[in-house]
Amino acid sequence: PVVNAVLGSDVDFADIFNIKSFLLYGPNFDSPDVWPIVVQYFEENGPLLGASILGVPARVLPLDLRYNLGVFIGTDIVNSYYWGQMYFDTGFGFNIGLAHDMFLNFGIWSLWVGLIPGLLTAMCDRWLITARALDTLRVYLLGALLISGGFTGELAGTIQWLAAFAAIG
């Protein structure tokens, strides 16, 4: 059945290896694509002054419950701005990273705060590389760093993964 589905499909396998298609139509450069939307939101609505950061604990709640409670994270705010009600109806949207969220809340000067997570990630990388033995703690830390994109990924997701790894022990 899988072979028939592949052979009978309209997939142009040349496009799979097409670098232009890969770069322009894939999710690989989602972060740069989101910047114009974030900047436009900021220019039209001003800074959130920490409102989306205060909503981070609600990240573990389903989207429809966050919607009903009126508690939103940066991803919800930017996606609802761009997609409107469709975002809440479908749950379809893009992620925003720490830099996006900081800019939404505090403007251009907050991007300097991004140096701190970048330095923390570099320190953790150095610590992991110099480790002589691979124990359970280092495996968990390596997993957390890879999953969260260092400490620079989506703020709510990073905190959620940190809590999950802390709970596992």
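Counting begins at 1 with the first residue of the sequence. Computed over heavy atoms, backbone and side chain alike; hydrogens, waters and symmetry mates excluded.
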- Task: Measure up the W35 and F103 rings against each other and bin them: parallel (under 30°), tilted (30 to 60°), perpendicular (over 60°).
- Result: perpendicular
- Note on the structure: The complete set of salt bridge (charged side-chain N to carboxylate O under 4.0 Å, His left out) pairs with one or both residues in residues 68-89, sequence neighbours excluded, reads R66-D76
Do [X] and [Y] sit in the same hydrophobic cluster, where Ile, Leu, Val, Met, Phe, Trp and Tyr count as joined when their side-chain heavy atoms come under 4.5 Å apart?
{"X": "V39", "Y": "Y41", "result": "yes"}
{"X": "L61", "Y": "F88", "result": "no"}
{"X": "L63", "Y": "M86", "result": "yes"}
{"X": "F92", "Y": "Y67", "result": "yes"}
{"X": "L48", "Y": "Y81", "result": "yes"}

So, taking the atom named [atom1] in [X] and the one named [atom2] in [Y], what distance separates them when rounded to the nearest 0.5 Å?
{"X": "I96", "Y": "T75", "atom1": "CD1", "atom2": "OG1", "answer": "4.5 Å"}
{"X": "I73", "Y": "S52", "atom1": "CD1", "atom2": "OG", "answer": "8.5 Å"}
{"X": "H100", "Y": "I37", "atom1": "NE2", "atom2": "CD1", "answer": "9.0 Å"}

- Where D33 and P36 come nearest, the two heavy atoms and their spacing: O-CD, 3.3 Å
- Query: How about Y82 and Q40: does a side-chain donor come under 3.5 Å of a side-chain acceptor?
  - Reply: no
- Query: Looking only at side chains, do N105 and S110 share a donor and an acceptor under 3.5 Å apart?
  - Reply: no
- Message: Determine whether a donor-acceptor pair (N or O, by modelled atom type, separation under 3.5 Å) exists between the side chain of D101 and the backbone of G97.
- Response: no
- So do P47 and F42 actually touch side chain to side chain, heavy atoms under 4.5 Å? yes
- Walk me through it: do Y87 and F94 pass the test side-chain contact (heavy atoms from CB on, under 4.5 Å)? CA-CA 10 Å; Y87 169 69; F94 39 77; over 6 Å; no
